[in-house]
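Working notes for the structure below.
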Amino acid sequence: MKEIRNKNSTIISIHDDVKGEFEIIGQTLVVKLGEDLDHHNSLHIREQADKIIMNKNIKYIIFDFSGTDFMDSSGIGVIMGRYKKVIFIGGSVYVTGVSNNVDRIFKLSGLYKIIEKYNKVEEVLELIKSKGK
Amino acid sequence: MKEIRNKNSTIISIHDDVKGEFEIIGQTLVVKLGEDLDHHNSLHIREQADKIIMNKNIKYIIFDFSGTDFMDSSGIGVIMGRYKKVIFIGGSVYVTGVSNNVDRIFKLSGLYKIIEKYNKVEEVLELIKSKGK
Amino acid sequence: MDFTNEMKIEFDSKSINESFARTVVASFVAQLDPTIEEINDVKTAVSEAVTNAIIHGYNNQDGKVIISCKIKDREVFIEVKDRGVGIEDIGKAMEPLYTTRPEIERSGMGFSFMEAFMDKLIVESELGKGTTVKMSKKFEKRGD
Amino acid sequence: MDFTNEMKIEFDSKSINESFARTVVASFVAQLDPTIEEINDVKTAVSEAVTNAIIHGYNNQDGKVIISCKIKDREVFIEVKDRGVGIEDIGKAMEPLYTTRPEIERSGMGFSFMEAFMDKLIVESELGKGTTVKMSKKFEKRGD
Ligand SMILES: Nc1ncnc2c1ncn2[C@@H]1O[C@H](COP(=O)(O)OP(=O)(O)O)[C@@H](O)[C@H]1O
Ligand SMILES: Nc1ncnc2c1ncn2[C@@H]1O[C@H](COP(=O)(O)OP(=O)(O)O)[C@@H](O)[C@H]1O
């Protein structure tokens, strides 16, 4: 695990085995997912995300799928699980950069009823900023 | 099999299953190999190349590996076999666009003792032209 | 011509092999020159069945997962088998959103995804003996 | 930690499965995060052994080729097995440039390539029973 601190954000790279990155910007956690989001990869992402959500007082989560080709129902579990953690404090969960393949899975799962889809992480960050005002 | 006739050359695309292309320019046959040159793919290439060598009075052969990632000892067999067909009529065999991986196989096989390596097909075509004069 | 091709693979019940299993099946069915969507359908279905074998069948303990795959013309038949705990009530297990492991965030969508992405799905299971998931899918004819 | 992982695959003796076999082994050993060169070494060795099983072992007839692959820490053990005709004189067969099939343009370099690209090579064979090629290779430690 590596931690890099920038001016406005902290970037945490997880387990070598799992490609992915966590970035904390104020109360927002951006989870940049790796190529595959399956049961194997979801274990590390879940663990790491929950640590950050707890310790850094996270209210908004953006799952960025722009580098992701493959997701199965384990990915749905990861997103639903994090959703449950932030919804009670009035937070929200967003997904960005969703490929066709991942989009089909989201649609089938009904997940779009509780999370919002955007093209880019930046759009969501703007949106969250405007909410704060 | 598809055949496309241009002003100066004929391009023949082989078996759908095997990516590769044959181009005939005068007495030169350019074999543009597919991603893998293994036993499976070599069968079709051999067959097709020999038909062209016979019918079109081919003297020079250029095997272009610029699209090839993988080759095993079956590839050596294909090149040696074609070499034997043109050497008796004073022809030659060239390889171009050889990747590191394919280069190691050529070195190990000792093939560079009988064939020449160039970067680009065009270089070899120039060379052959200058020989003809 | 009646083209057939078969393979069978057995591997350790380890979550790191989930992506390996998908890749193996995907690269076997690649012979049919499928669309990206067809490949993804098969990968998702295999991933669900293999994950189930590892976490439900073997409860993350040691064991072997076996995949058989048969191509017949443009149809693919896939079996994913474990010799794990088995399923008590298959009908219930296959209900959408039903899961026995909500605490590890299973969504209960595994069987639904297999059904959605494949043409046919049959589940056979015996308590204490193990589970076999049989799936098939016919690929589109490719215009040449 | 003693990490191990095992898989075993059986497939039809068909030349279209040569690239499939390479891909399967390559994607299994990918767990060790090997260099491109290491992956290529393994792919070449597997390709040679599988091709030999198909054309020499089974003489291009029906049969099954079996690959077992075991990862132990950073070492890979690969077995390629056929139940074909077997080899009469293994010593001779392993000589560089020796081939019994020059007419189909075999170069006689298969075993030499397996030896060159892997650390260890053992060939076991019995006439009429079949041939097993055992190879192993230790991968470099990757600096993190
Ligand atoms: N291979 C298996 N062995 C034992 N039980 C299984 C197996 N596959 C599925 N099940 C049971 O069926 C239930 C539903 O499976 P599924 O629809 O894939 O959802 P999930 O995996 O999210 O729980 C599981 O929770 C489990 O109880
Ligand atoms: N699996 C096998 N079954 C039977 N004979 C084999 C097998 N593998 C190799 N041989 C024999 O060993 C010889 C040398 O093999 P190899 O070095 O791979 O060269 P090549 O495949 O080019 O002939 C082959 O020509 C064949 O007679």
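Below, chains carry the letters A, B, ... as their sequence lines are ordered, and counting in each starts from 1.
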Sort D/Ile36 into side chain, backbone, both or neither according to what part of it lies under 4.5 angstrom from a heavy atom of chain B.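 It is neither, since no heavy atom gets under 4.5 Å.
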
Measuring heavy-atom distances to chain B, does D/Asn60 have an atom under 4.5 Å in its side chain, in its backbone, in both, or in neither?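 Just its side chain gets close to chain B.
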
[X], [atom1] atom: more than 12 neighbouring heavy atoms under 6.0 Å:
| X | atom1 | result |
| --- | --- | --- |
| D/Glu103 | CD | yes |
| D/Lys81 | NZ | no |
| D/Glu75 | CD | yes |
| D/Lys138 | NZ | no |
| D/Asp89 | CG | yes |
| B/Asn55 | CG | yes |
| D/Met94 | CE | yes |

Is it the case that D/Thr51 and B/His39 place a side-chain donor and acceptor less than 3.5 Å from each other?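 The criterion, which ignores hydrogens and geometry beyond distance, is not satisfied for B/His39 and D/Thr51.
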
Run the numbers on B/Arg104 and D/Glu37 for side chain to side chain contact (heavy atoms under 4.5 Å, CB included), then give the verdict. CA-CA 10 Å; B/Arg104 286 164 67 214; D/Glu37 205 169 288; 3.4 Å; yes

Counting C-beta onward and ignoring hydrogens, is there a side-chain heavy-atom pair between [X] and [Y] closer than 4.5 Å?
| X | Y | result |
| --- | --- | --- |
| B/Asp36 | D/Glu18 | no |
| D/Ser47 | B/Phe70 | yes |
| B/Asp72 | D/Lys43 | no |
| D/Ser19 | B/His40 | no |

Rounded to the nearest 0.5 Å, how far apart are CG of B/Asp69 and CG of D/Asn40?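 With rounding to 0.5 Å, CG (B/Asp69) is 8.0 Å from CG (D/Asn40).
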
Find the one option among D/Ser15, D/Pro96, D/Ser112, D/Ala45 whose heavy-atom pairs under 4.5 Å with chain B are most numerous.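 Top count of heavy-atom pairs under 4.5 Å with chain B: D/Ser15.
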
Taking B/Arg82, B/Met80, B/Met71 one by one, which has the highest count of heavy-atom pairs under 4.5 Å against chain D? B/Arg82

Spell out, as yes or no, whether a donor-acceptor pair under 3.5 Å connects the side chain of D/Glu105 to the backbone of B/Gly81.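 Flag not set: sc D/Glu105 to bb B/Gly81 has no pair under 3.5 Å.
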
Which heavy atom of D/Arg106 sits nearest to which heavy atom of B/Ser73, and what is that distance?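 Minimum heavy-atom contact is NH2-OG, 3.9 Å.
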
Please find the pair of heavy atoms, one from D/Arg22 and one from B/Asp38, that lie closest to each other, and give the distance.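 Looking at all heavy atoms of both residues, the closest pair is NH1-OD2, 3.0 Å.
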
